[in-house]
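This report concerns only the one structure given below.
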Amino acid sequence: MRKVAFYTLGCKVNQYDTEAVLEKFKEQGYEVVDFNEYADVYVVNTCTVTHLSDRKCRQMLRKTKKINSDSILVAMGCYAQIAADKIKDQVEEIDIIVGTNKRNEIVDLVDNFEKEKRQTINTVSNIMDVGEFEELHISDMGERTRVYVKVQEGCNNYCSYCIIPYTRGKIRSRKEEQVVEEVTKLVGLGFKEIILTGIHVLAYGKDLGNTDLIQLLKRVHEIEGVERIRMSSIEPVAITDEFIYALKEMPKVCHHFHLSLQSGSETILKRMNRKYTAVEYKASVERLRTLWPDVAITTDVIVGFPGETEEEFLETVEFVKDVHLAQIHIFPFSPREGTPAAKMREQVAPEIKEHRAKVLSEVEKSLRLAYMEQFIDKELEVLFEKHHENEVTGYTSNYLKVQVLGNETIENTIQKVRIDAIKDEHLLVGHVITR
């Protein structure tokens with residue numbers, strides 16, 4: 001039996017794409033092994049969000065031939081898409097370059113590579129010419145409790161710092177029936193929580209013309225066996241009165257929203273070409289809290305955007321405090337070649353970016369702990385995922401990680417838990433309430 005190994009960098013969309021390609025190999029009789037093991041084929045699903053991710057991609061690509069010099073090395077994903085020629089020059093060991101389209105063809109490309117006397121294959125073309133969603137399917141994604149379902153590809157927003165529209169192309173939505181079919185299959189396999197993911201989930205349906213994100217949520221909500229629905233990152237402009245009204249009728253939707261912020265400074269948001277203001281962001285948060293007082297609002301923030309002054313940075317600090325976010329992912333600005341922000345004057349010095357990231361990290365920690373503390377001595381429903389020794393961990397609807405004493409019998413079940421304390425800053429501990 002031939003062996004294949006995968007390594008994935010980047011976002012949940014990349015992880016979904018990897019799983020779909022992995023299953024293609026399994027269908028053709030390949031055994032999937034760990035990336036550090038001997039394999040006949042290695043697939044590295046690349047990311048290009050930061051310079052650090054680019055470097056990590058190159059490191060992992062070079063590593064494979066040291067394990068098996070005769071192996072076939074496939075570079076797939078965003079970095080391969082945006083820098084196909086450069087990546088081949090940098091890592092001569094690469095045999096096949098695929099990018100962010102034609103991933104369905106990878107197994108055939110591997111076969112063709114061997115038939116064509118191992119001549120390098122590069123399928124990367126202009127992603128802007130791709131007009132339809134590439135249908136990929138999965139039946140697993142690790143633990144059989146919650147699973148990501150990709151519903152959308154591409155982005156039309158062109159934020160001034162972001163390379164993703166150039167690597168993923170324009171928005172393409174998956175047909176409703178395909179989403180419903182996959183969710184139904186996954187629920188049949190035992191998954192209870194469905195996470196709808198994509199590059200720009202809010203844009204779902206805009207290219208199809210006969211649906212939108214609200215309608216898709218309703219369709220998934222109707223599927224028997226789905227117990228929770230969560231979404232990956234969406235923009236605050238999604239939280240309209242119409243959206244709130246729809247959520248009232250969908251109790252399976254989790255009380256957790258990852259609302260992309262990036263900055264709390266109005267001037268920085270404008271330079272970033274974000275499609276909302278800080279005032280609008282706060283209004284969206286308030287709408288959600290009117291519906292669900294316990295809702296968790298998590299976000300991303302970039303520090304050290306070109307020209308960011310100390311005053312603008314402090315505006316962000318005060319804003320996140322004012323909004324009382326539950327968690328913040330902090331990223332020092334990383335200029336990406338080909339984006340407007342990379343050419344902007346007044347690039348912020350690395351040491352200033354590092355200092356601001358540390359300052360905001362301390363603020364984030366205090367906000368996160370304050371959010372968690374309000375649930376001590378409260379009852380929460382937890383979907384348990386993993387059992388280790390005599391402890392079981394899972395997540396609440398508002399994405400709090402909870403640990404209790406127990407065994408594997410409560411894995412993949414939703415249990416009522418009374419929260420006793422906070423442990424290790426990111427973890428609540430409690431006990432299952434028996435009725």
Side-chain angles (χ1 to χ4, degrees), residues 1-10 13-48 54 56-141 150 153 167-169 172 178:
M1 182 181 288
R2 302 194 71 193
K3 297 179 179 181
V4 62
F6 290 81
Y7 192 91
T8 306
L9 297 105
V13 176
N14 258 18
Q15 292 179 30
Y16 180 97
D17 294 340
T18 292
E19 180 62 35
V21 174
L22 181 153
E23 293 189 13
K24 291 282 185 185
F25 276 95
K26 288 169 71 173
E27 288 169 6
Q28 297 302 313
Y30 280 78
E31 177 188 356
V32 179
V33 299
D34 185 82
F35 193 78
N36 293 313
E37 295 182 31
Y38 183 98
D40 301 286
V41 181
Y42 293 92
V43 181
V44 178
N45 196 356
T46 63
C47 173
T48 189
D54 286 358
K56 181 70 171 178
C57 290
R58 294 191 293 269
Q59 289 173 349
M60 301 314 296
L61 286 162
R62 292 190 183 103
K63 179 179 180 179
T64 61
K65 295 289 183 172
K66 295 176 182 176
I67 304 172
N68 176 10
S69 60
D70 293 324
S71 63
I72 299 172
L73 174 56
V74 181
M76 178 176 100
C78 291
Y79 187 40
Q81 177 69 43
I82 200 71
D85 294 333
K86 181 190 293 186
I87 200 173
K88 179 58 180 173
D89 291 339
Q90 293 171 331
V91 187
E92 296 179 355
E93 297 91 335
I94 295 173
D95 299 307
I96 301 171
I97 305 173
V98 177
T100 57
N101 195 38
K102 297 185 179 179
R103 291 156 296 193
N104 270 322
E105 302 175 13
I106 287 181
V107 180
D108 291 336
L109 292 171
V110 168
D111 292 340
N112 291 339
F113 178 79
E114 294 184 303
K115 291 175 183 175
E116 298 296 327
K117 299 181 180 179
R118 301 176 77 88
Q119 295 295 309
T120 302
I121 298 173
N122 181 358
T123 70
V124 173
S125 59
N126 187 351
I127 195 65
M128 298 303 176
D129 293 335
V130 179
E132 292 188 6
F133 183 89
E134 181 182 23
E135 190 62 41
L136 299 167
H137 300 274
I138 68 167
S139 61
D140 199 357
M141 233 178 137
K150 184 178 175 182
E153 179 70 273
T167 65
R168 292 280 181 168
R172 288 101 69 200
Q178 295 286 356

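Only this structure's heavy atoms are used, side chains among them; waters, hydrogens and symmetry mates stay out.
- Taking the ring-ring contact (aromatic ring centres under 6.0 Å, His included) definition, one finds that Tyr30 meets it with Phe25, sequence neighbours left out.
- A salt bridge links Glu134 with Arg103: at least one charged nitrogen is closer than 4.0 Å to a carboxylate oxygen.
- Salt-bridge formation is detected for the pair Lys65/Asp95: a Lys NZ or Arg NE/NH1/NH2 atom is positioned less than 4.0 Å from an Asp or Glu carboxylate oxygen.
- Other residues, nucleotides and ligands place more than 12 heavy atoms under 6.0 Å from the CD atom of Glu31.
- Within the 4.5 Å cutoff, side-chain heavy atoms of Val74 are placed close to those of Val98.
- How far CD1 of Ile138 is from CD of Glu19: 6.0 Å, rounded to the nearest 0.5 Å.
- For the pair Asp85 and Asn122, the minimum side-chain heavy-atom distance is below 4.5 Å.
- Closest non-hydrogen pair, Val124 versus Ala80, comes out as CG2-O, 3.8 Å.
- With hydrogens and angles ignored, the 3.5 Å screen pairs no side-chain donor or acceptor of Thr100 with any backbone N or O of Gly77.
- A donor-acceptor pair under 3.5 Å is absent between the side-chain atoms of Gln15 and the main chain of Thr8, judged by distance alone.
- The main-chain N or O of Glu92 is found under 3.5 Å from a side-chain atom of Lys88 such that the two form a donor-acceptor pair.
- Salt bridge status for Glu93 with Arg62: absent, with no side-chain N to carboxylate O gap under 4.0 Å.
- To the nearest 0.5 Å, atom CG of residue Asp70 and atom CG of residue Asp40 are 9.5 Å apart.
- Between Asn14 and Leu9, the closest heavy-atom pair is ND2-O, 2.7 Å.
- Met60 has its side chain within reach of Phe35: a pair of non-hydrogen atoms, C-beta onward, lies under 4.5 Å apart.
- Within the 4.5 Å cutoff, the side chain of Gln178 has heavy atoms near those of the His137 side chain.
- Using a 4.5 Å heavy-atom cutoff, the side chains of Leu61 and Leu73 are in contact.
- Looking only at distances, no side-chain donor or acceptor of Thr48 sits under 3.5 Å from a matching main-chain atom of Cys78.
- Centroid-to-centroid, the aromatic rings of Tyr7 and Tyr42 stay 6.0 Å apart or farther.
- Not a single donor-acceptor pair under 3.5 Å links the side chain of Asn68 to the backbone N or O of Tyr38.
- Atom CD of Glu37 is surrounded by more than 12 heavy atoms from other residues, nucleotides or ligands within 6.0 Å.
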